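This structure is a prediction, so every number in the text was calculated from the model and none was measured.
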Amino acid sequence: MENKKIYTDSGIEIKEIYTESDVSNIPPSGGGGAGSFPFTRGIQPDMYRGKLWTMRQYAGFSTAEESNKRYHYLLSQGVNGLSVAFDLPTQIGYDSDHPLAEGEVGKVGVAIDSIEDMQDLFSGIKLDDVSTSMTINATGFILLSLYVALAKQQGADLKNISGTIQNDILKEYAARGTYIYPPKPSMRIITDVFEWCSQEVPKWNTISISGYHIREAGSTAVQEIAFTLSNGKAYVEAALKKGLDINVFGKRLSFFFNAHNNLFEEVAKFRAARKMWAKMMKDMGATDQKAMMLRFHTQTGGCTLTAQQPLNNISRVTIQTLAAVLGGTQSLHTNGYDEAFSLPTEEAARIALRTQQIVAFESGAPDTADPLGGSYFIESLTNEVEEAAWKLIEKIDAMGGSVNAIEEGFIQNEIARSAYEYQRQIETKEKIIVGVNKFEEKEEKPIPSLKVDDSIRLIQIEKLKILRNSRDRAKVDQCLQEINDRASSGTNMMPAVIEAVENKVTLGEISDELRGVFGEYK
């Protein structure tokens with residue numbers, strides 16, 4: 001009887017047993033230890049012995065006031081970094097009173113139209129005391145400007161405020177769809193942010209290059225790192241073209257990855273990504289070790305959560321948490337078990353945070369750097385993931401890089417093919433999803449879920465009306481003209497956008513002004 005073949009989700013064949021011979025031809029991870037090039041084993045010599053990863057629970061829904069209550073609750077429960085989710089109108093540059101915002105205000109995140117919403121969102125929270133991550137792309141520069149304006153109002157030293165804006169537009173074209181402007185002007189806005197932040201807010205991570213949404217769209221683990229690192233390379237090349245110093249902006253680049261259920265492939269993926277990025281940055285001219293380090297945030301896999309038997313998702317999230325920690329993440333968000341059908345309730349958010357805390361304080365996983373390093377299986381799998389990812393990157397390079405590969409549809413088609421294959425395997429039961437295509441239950445008890453009321457839009461519309469009546473209209477027009485002039489001339493737009501939000505110009509008004517200059521991507 002022939003042996004059954006077993007493959008990872010990326011199609012890498014898994015052997016029955018791994019021995020010394022499987023790793024004898026793999027070059028040692030370059031200096032060996034954690035904290036040294038190429039950082040396969042981690043970016044800090046002592047990893048979590050010195051400092052645990054940042055426990056950063058992603059939250060935002062309804063109005064700024066409602067989200068603020070959840071932030072205070074999470075901070076009281078031991079979260080040490082905030083992570084803001086924005087609603088769809090905010091993500092694509094529409095104020096809450098825009099006709100296209102109807103039915104979406106406050107639904108998948110918080111509605112932010114103006115500086116007043118930002119004040120409410122962070123009421124009672126000192127911005128120089130917390131690190132804040134904002135999952136925002138096309139309007140990322142506007143949200144950063146609002147954050148900076150609020151920090152100035154609070155009297156914070158801008159040199160000390162820390163956090164991240166996602167600001168990764170390439171994966172929006174490839175996988176997610178919340179873009180506004182065409183790729184080239186979008187890349188220009190991103191390099192404006194790099195340039196301005198390196199001088200004014202040096203502790204701010206100016207981009208979180210995201211594989212998360214590429215994976216959520218159906219890619220494999222190998223595709224996730226290949227496409228993400230290719231996008232990273234495109235951002236670095238754009239910044240170099242602008243004359244920025246790779247050793248300065250390179251230290252402020254961070255990444256955002258997904259963690260799925262195949263524990264060992266996920267750990268191998270994180271290790272391979274660090275090694276590959278270190279080599280890429282060195283090849284592009286980085287000489288400072290810190291500019292070669294791949295630092296990343298992880299979120300557990302949203303698309304792995306099932307609406308069937310949702311309490312099983314707690315086990316899934318636990319496996320994914322372990323994968324992120326064993327793989328050396330710098331910060332982590334764990335999903336609520338109920339997120340397959342609603343925003344997380346307070347109870348689900350608490351269990352998700354407790355999952356991280358149990359891994360941190362009870363599992364022993366953080367006690368040593370790279371605890372799976374040296375395993376014949378992990379070292380061999382890390383090598384195979386890396387080789388497969390380089391092959392994909394070489395194809396993208398041959399097309400002229402990520403921007404061209406996206407414009408030609410190559411990346412989108414590769415993801416679609418993988419998503420189709422994954423679904424086919426579930427339907428034929430080659431892949432078992434517990435509670436979905438095996439071990440199903442006839443009747444399931446309903447579990448409580450969080451619903452956001454449509455009346456939120458009326459609240460936001462009323463706030464906008466009051467805001468527009470209370471501001472200096474001539475000053476607003478002057479601010480918008482300055483943004484237009486800078487956008488047209490190629491001058492850095494950040495100072496003008498910050499001045500505009502300080503003068504109560506709304507997110508939608510700034511986005512529309514730039515639609516007039518750059519056009520919209522269709």
- Test: Arg486 and Asp192 ion pair at under 4.0 Å: no
Electrostatic pair Glu414-Lys395, nearest N-O below 4.0 angstrom
no
Polar side-chain atom of Gln356 near backbone of Leu332 as donor-acceptor pair, under 3.5 Å: yes
Consider only side-chain N and O atoms of Thr287 and Asn247, and report whether a donor and an acceptor are under 3.5 Å apart.
-> yes
Examine distances only and state if a side-chain atom of Tyr212 and a backbone atom of Gly302 form a donor-acceptor pair shorter than 3.5 Å.
yes
One should read off an interatomic distance between Met118 CE and Ser145 OG, to the nearest 0.5 angstrom, of 9.5 Å
Result for side chain to side chain contact (heavy atoms under 4.5 Å, CB included) between Phe257 and one of Thr329, Ile225, Ile209 points to Ile225
Report yes or no: do Gln44 and Lys51 form a side-chain donor-acceptor pair below 3.5 Å? no
Stepwise side-chain contact (heavy atoms from CB on, under 4.5 Å) check, Ser83 with His333: CA-CA 9 Å; Ser83 183; His333 163 82; 5.9 Å; no
Taking the inter-plane angle between the rings of Phe255 and Trp277 on a 0 to 90° scale, is it parallel (under 30°), tilted (30 to 60°) or perpendicular (over 60°)?
perpendicular
Between the side chains of Arg176 and Ser210, does any donor sit under 3.5 Å from an acceptor? no
Original post:
Does any donor atom in the side chain of Thr139 or Gln91 lie under 3.5 Å from an acceptor atom in the other side chain?
Top reply: no
- Lys475 bridged to Glu499 by N-O distance under 4.0 Å: yes
Exactly one of Glu509, Glu116, Glu502 clears salt bridge (charged side-chain N to carboxylate O under 4.0 Å, His left out) with Arg471, and that residue is Glu509
side-chain contact (heavy atoms from CB on, under 4.5 Å) assessment of Gln460 paired with Thr63:
CA-CA 8 Å; Gln460 286 299 112; Thr63 60; 4.2 Å; yes
- ring-ring contact (aromatic ring centres under 6.0 Å, His included) between Trp204 and Tyr147, worked out: CA-CA 11 Å; Trp204 196 268; Tyr147 195 85; 5.2 Å; yes
### Query
Taking Thr300 for the side chain and Asn335 for the main chain, is one N or O donor matched with an acceptor at less than 3.5 Å?
yes
- Message: Between Glu266 and Lys269, does any NZ, NE, NH1 or NH2 come within less than 4.0 Å of an OD or OE carboxylate oxygen?
- Response: yes
- Query: Judged by modelled atom types alone, do Asp477 and Gln481 share a side-chain donor-acceptor pair under 3.5 Å?
  - Reply: no
- Please confirm whether the backbone N or O of Asp97 pairs with a side-chain atom of Asp95, one donor and one acceptor, at under 3.5 Å? no
Does either side chain, that of Asp113 or that of Thr506, offer a donor lying less than 3.5 Å from an acceptor on the other one? no
Does Glu520 have more than 12 heavy atoms from other residues, nucleotides or ligands lying within 6.0 Å of its CD? yes
Donor-acceptor pair between Arg417 and Gln223 side chains, under 3.5 angstrom:
no
### Query
Between Asp288 and Val248, is there a donor-acceptor pair closer than 3.5 Å when you use the side chain of the first and the backbone of the second?
no
Check: Can you tell me if Tyr173 and Ser186 form a side-chain donor-acceptor pair at under 3.5 Å?
Finding: yes
Any donor-acceptor pair under 3.5 Å from Glu346 side chain to Pro344 backbone
no
> Is the backbone N or O of Leu253 less than 3.5 Å from a side-chain atom of Arg295, with the two atoms forming a donor-acceptor pair by type?
Replying inline: yes
**Prompt:** Cut-off 3.5 Å, side chains only: do Tyr94 and Glu102 have a donor facing an acceptor?
**Reply:** no
Requested in this report: Show the numbers, then the answer: is there a side-chain contact (heavy atoms from CB on, under 4.5 Å) between Phe194 and Arg252?
Outcome: CA-CA 8 Å; Phe194 286 3; Arg252 301 273 44 110; over 6 Å; no
